[in-house]
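As the structure lists them, so they are numbered: ligands from 1, and atoms in each ligand from 1. Just so it is clear, the values below take in all heavy atoms, side chains as well, and ignore hydrogens, waters and symmetry mates. Sequence positions, counted from 1, serve as the residue numbers for this chain.
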Amino acid sequence: MKIVGGSASLALAGAMSRELRADLVDVAFERHPGGFPDRERYVRLLGPVAGDHVVIVQSTFPDPMIVEYFLLADAIRDAGARRLTAVIPYFGYGRQDKRFFDGEAVSAKTLAKHIALDADELLTMAVHNPDILHLFPIRAREVSGMPALGRYLKTADADLLLAPDAGAIRHVREAAAVAAKPYDYLEKERIDSYTVRMTPKKLAVRGKSVAIVDDVISTGGTLATAARELRAQGARRVSAVCLHGLFVGAAAETLKALEEVVVTDTIPSAYTKISVAPEFAAAIRALG
Ligand code: R5P
């Protein structure tokens, strides 16, 4: 088995190659210093993959990383790989999982269809709606990253773990089981893409350090609103431990409402402190 990391996921690809004791194939992402002036992506495999089972690790954020994924997959197939496993730690476009209005693209299906042209199977993590996995004409599985958050939370300054909305209860429950810590949840109402409202709900947080557990940070609005509600109820410290950190727009500023924000390496950033490599490595071993 060989691992190829796209430029969105190089650190995770390296960690997975160590976990799996598989060679990491070097890739050039620029043909000349500075790349193409119009910023088009470029890839060149610098090692052989003919006859190999190859695992591409590449999140689809930001958008140019989708093009880069397709370039890598095509280059790997052209180079004669025997089997191609797509590990897409963060799978974007999952929110457009159906046609809400006539004439719309079902974006999740569009990506699924094109990924299946070259890949034999797909592994991803915390997709917006797990039902989109049925849109793939190949085997597609969701790998949980919550055990990784749970391992981190076990020794973190956190008395109580909290889901910011009912939809995240399945996540916090799993992380809490690994961390061996209690959990609760808030009730969130989404007004629009940038605004959320928390329904006041009495929580036993007075004097406690609360860690919010969620799948995605986009604008940071959910976390900031939850942090204000928790402080109003007497929480001593509010932190967040999440899987995917998109940090859109002014998120860094918005997130100053929390004492600490930690995310995983599904999308690398200055907030990345946790690796989900063990989770993906175990899932690849289980593929057989
Ligand atoms: C919502 O369903 C997700 O679990 C996140 O809570 C949400 O996507 C976070 O978005 P934002 O950071 O923009 O509030």
Side-chain angles (χ1 to χ4, degrees), residues 59-63 88-98 100 107-108 111 124-133 142-150 152-153 158 160-176 183-201 203 210-232 235 238-264 266-274 276:
S59 281
T60 60
F61 180 85
D63 276 4
I88 303 198
Y90 173 74
F91 180 83
Y93 288 87
R95 286 186 177 87
Q96 185 73 20
D97 54 359
K98 61 181 177 202
F100 298 92
S107 312
L111 258 67
T124 184
M125 187 166 274
V127 279
H128 178 67
N129 169 10
D131 287 347
I132 67 168
L133 298 175
E142 191 184 39
V143 177
S144 177
M146 287 299 144
L149 301 195
Y152 178 84
L153 285 160
L160 175 73
L161 313 187
L162 193 86
D165 54 41
I169 295 176
R170 69 178 177 119
H171 296 311
V172 76
R173 187 183 291 129
E174 203 183 340
Y183 69 91
D184 206 332
Y185 68 99
L186 277 167
E187 271 151 25
K188 178 177 93 177
E189 186 190 347
R190 182 163 284 288
I191 313 296
D192 58 38
S193 298
Y194 293 89
T195 325
V196 293
R197 187 161 49 211
M198 296 291 169
T199 313
K201 173 188 169 197
L203 294 164
V210 182
I212 303 169
V213 175
D214 206 356
D215 51 355
V216 186
I217 303 174
S218 179
T219 64
T222 297
L223 293 178
T225 307
R228 278 192 289 277
E229 178 62 26
L230 291 166
R231 274 190 223 296
V238 182
S239 59
V241 181
C242 303
L243 285 175
H244 309 306
L246 303 176
F247 305 111
V248 172
E253 193 56 34
T254 306
L255 291 168
K256 286 185 179 157
L258 290 95
E259 257 86 13
E260 189 184 22
V261 175
V262 172
V263 295
T264 74
T266 62
I267 301 172
S269 73
Y271 299 90
T272 298
K273 282 196 186 160
I274 302 170
V276 292

| task | Report yes or no: does Ser107 contribute a side-chain atom to a donor-acceptor pair with the main-chain N or O of Gln96 at less than 3.5 Å? | result | no
| field | Val263 side chain near Ser269 side chain, heavy-atom distance below 4.5 Å | value | yes
| message | Tell me which residues fall inside the under-4.0 Å heavy-atom shell around ligand 1. | response | Arg95, Lys188, Arg190, Asp214, Asp215, Val216, Ile217, Ser218, Thr219, Gly220, Gly221, Thr222
| For Tyr185, side chain to side chain donor-acceptor pair (under 3.5 Å) partners two or more places apart | none
| query | Under 3.5 Å, is there a donor-acceptor pair between the side chain of Thr219 and the main chain of Val248? | reply | no
| query | Got Met146 and Arg170 here, is their nearest side-chain heavy-atom distance under 4.5 Å? | reply | no
| Going by atom types only, do Tyr90 and Asp215 share a side-chain donor-acceptor pair under 3.5 Å? | no
